[in-house]
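The figures here come from the full heavy-atom set of this structure, side chains too, leaving out hydrogens, waters and symmetry mates. Naming convention: chains lettered A, B, ... in sequence-line order (proteins, then strands); numbering from 1 in each chain.
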Amino acid sequence: MRWIIEALEKVREKRPLVHNITNYVVMNTTANALLAIGASPVMAHAIEELEEMVALANTLVINIGTLDEHKIYSMMKAVKTAKDLKKPVILDPVGAGATKLRTKTSLRILEAGEISVIRGNFGEIAALLGEHGKTRGVDSAVYDEQVAKKLARDASKEFNTVVAVTGPVDYVSDGEKVYAIENGTPLLGRVTGTGCMATAIIGAFLAVEDPLKATIAGLISFEIAAEKAFEDSPYPGTFHTKLYDWLYRIDGDLIMKRAKVKEVEL
Amino acid sequence: MRWIIEALEKVREKRPLVHNITNYVVMNTTANALLAIGASPVMAHAIEELEEMVALANTLVINIGTLDEHKIYSMMKAVKTAKDLKKPVILDPVGAGATKLRTKTSLRILEAGEISVIRGNFGEIAALLGEHGKTRGVDSAVYDEQVAKKLARDASKEFNTVVAVTGPVDYVSDGEKVYAIENGTPLLGRVTGTGCMATAIIGAFLAVEDPLKATIAGLISFEIAAEKAFEDSPYPGTFHTKLYDWLYRIDGDLIMKRAKVKEVEL
Amino acid sequence: MRWIIEALEKVREKRPLVHNITNYVVMNTTANALLAIGASPVMAHAIEELEEMVALANTLVINIGTLDEHKIYSMMKAVKTAKDLKKPVILDPVGAGATKLRTKTSLRILEAGEISVIRGNFGEIAALLGEHGKTRGVDSAVYDEQVAKKLARDASKEFNTVVAVTGPVDYVSDGEKVYAIENGTPLLGRVTGTGCMATAIIGAFLAVEDPLKATIAGLISFEIAAEKAFEDSPYPGTFHTKLYDWLYRIDGDLIMKRAKVKEVEL
């Protein structure tokens, strides 16, 4: 786990500027999660300043919740700029599969940009793959460990990115290997935007590590913080508050004792 | 109070999908309130996905804070779709009476859709009724129990919906009877968006009960949670955090002991 | 310090209506900060209701984070209306210097309106002055007490407003004198939007005091609350929650014991 601890230390030293084009629901909370872990967030979507902001930032986080046509236009421009400037980008396809707009916008972003990581839940990643001509029908399936594992690997191959399918167990794949992460707490599901926070935190790690390592280190750091917050309080309001405390407090010792990641077979 | 407890249990079993077209100030906090009580929130206003989202959702919450022309257009389309699909809708006319735009937008929504419940404060409901040709002048009146009571009944008759006029005492009417609810705490007034949260929570109950019962059960559940949060802390930051804890923790026992609702005479 | 205490008491008596055209990241948290200290926030940017809202409000807060063209248009109209109606306005030039759009929008607002106070960090205020033909190059400088002091004075003269350059020490100038405020805690930097909250709270004090006094009283009240919150918790999540508690609890006794403001020489 030494490399995860080092990655966290690098985030805190570098204080990467993480540019978020994200949904209105989570702007405040993802900014706070990034600040707590030691990164520096900026939220900006005006088309007139996008190129400058992408150039200033170390990494770009694209989150498609609360879409509208202006935002889609900004997202497209931002991912193209990031591609030109070789900045890492993580995509959170919030609600892909729920509406055609969300599925299609995610796919357009994947085509237009050079996306380093996609993080989504089972249904979202399945929807992306389904719309892309593969595994149609999976998107309506109930979460299943065996399918989730394979989904991470297949989506990774299909979109040529690292893919994280998060859920009770998270599966992360670079298209070859698949890793399982078993940290976290179900109470995360009772606070809005915790998936978006995880995405943003991976975004911070992308400034200091390759996509596969950034994804694993980001998810583990976030989820161990959540475990500690849950030990402080099993109720969602206080848990949410404590989650920022623990993103700030998480350290090598906690990671060493708690990180549960292993390579798994398909 | 047995039926209130059962309604809460039904919300937690069904986990209704509550579609919110709401203001930017409260998107995060109403989503968290809905998650805490056991519902499933979605925030979406893009015109391109509205019909699909309304179709997926169990109920629709329309909140007119931070309006703009795109959002008004989306709200109009959403309430028409909900009418066609017979989905219950609750309207929160935030700031009606403060500006013409807000009063008129509320009235347009009431005309275009089939609204199940309106929840607002005294001034907001009075403004709606005033603009509609009735009780003009009331909107500038100071809160008065006797007038609030009548206002709930009159607005309910006028708009053919259940109306909740919330304040120190809440009055809920279906046009025939009027009920008074005496739960809650004045500290709710020191946290932004608590009225919007109450509206959203009624929205969750609309998925499992008729409009009158959903309104009473939603308000009582929310306000008892607020009482418990206030007992934990009389200061607004901690109170706000604890409010989510208690929306999560509220149970039949608390409702049985604390619910204060009764029918009142005009 | 007697006048600061009186200013706070006046805010709590008057409960001024503070109209915010602000960024999406901080809408909820600045509203809560205003409510906690005893003011009454309204967030509104629809062009159709701006004039009415500015007329209703006691003061106007303009914050340029998360700009877009509609918002810029609304901000311009709002500051012109405020000028006509002689309502005090405070500008927070969030991110000026980071992108041309932000620097230019700030300068356009300064030209179009009659701005009472500008509150920004070192880089932001330096950028405004740099773009205005003065002290070019300062905007890339590292924070320096001596320069910050002079910056507050020069910007105040240039824009004919009170200017607060906030940082480890805050410098406030009316173009003649410069005051240093040494309250606060670095942990404020780990919670998003705390600068925006400070701006909004100065906005509340502008309803009861002249711009210089409102700025000093607002900053001191906010920063003493932050000191107390930090004493309750050195971790950002809990600190953030406690900040609202202490904005609500701050009183004459705390101000008397803790306020650190003095006039300084250039």
**Q** Is any side-chain heavy atom of C:N28 less than 4.5 Å from a side-chain heavy atom of A:N28?
**A** no
**Q** How close do C:T66 and A:M43 get, counting heavy atoms only, and between which atoms?
**A**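 Smallest heavy-atom distance, with atoms named: CG2-O, 3.7 Å.
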**Q** Check each atom of C:T241 against the heavy atoms of chain A and say whether the ones under 4.5 Å are side chain, backbone, both or neither.
**A**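 Contact with chain A involves the side chain of C:T241 alone.
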**Q** Just checking, any donor-acceptor pair under 3.5 angstrom between side chains of A:Y248 and C:R190?
**A** no
**Q** Would you say that C:Y235 contacts A:R249 through its side chain, given a criterion of any heavy-atom pair below 4.5 Å between the two side chains?
**A** yes
**Q** Specify which of A:M27, A:E52, A:M53 makes the most heavy-atom pairs with chain C at under 4.5 Å.
**A**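 That would be A:E52.
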**Q** Check whether any side-chain heavy atom of C:E69 sits under 4.5 Å from a side-chain heavy atom of A:E48, and report yes or no.
**A** yes
**Q** Return the minimal non-hydrogen interatomic distance between A:N32 and C:T192, and the atom names on each side.
**A** OD1-N, 2.7 Å
**Q** Given side chains that start at C-beta, do those of C:D68 and A:H70 come closer than 4.5 Å, heavy atoms only?
**A**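 Answer no - side chains too far apart.
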**Q** Measure across C:L101 and A:A46 and return the closest heavy-atom pair with its distance rounded to 0.1 Å.
**A** CD2-CB, 3.7 Å
**Q** Can you name the closest pair of heavy atoms from C:V25 and A:A31 and give their distance?
**A**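 Smallest heavy-atom distance, with atoms named: CG1-CB, 4.4 Å.
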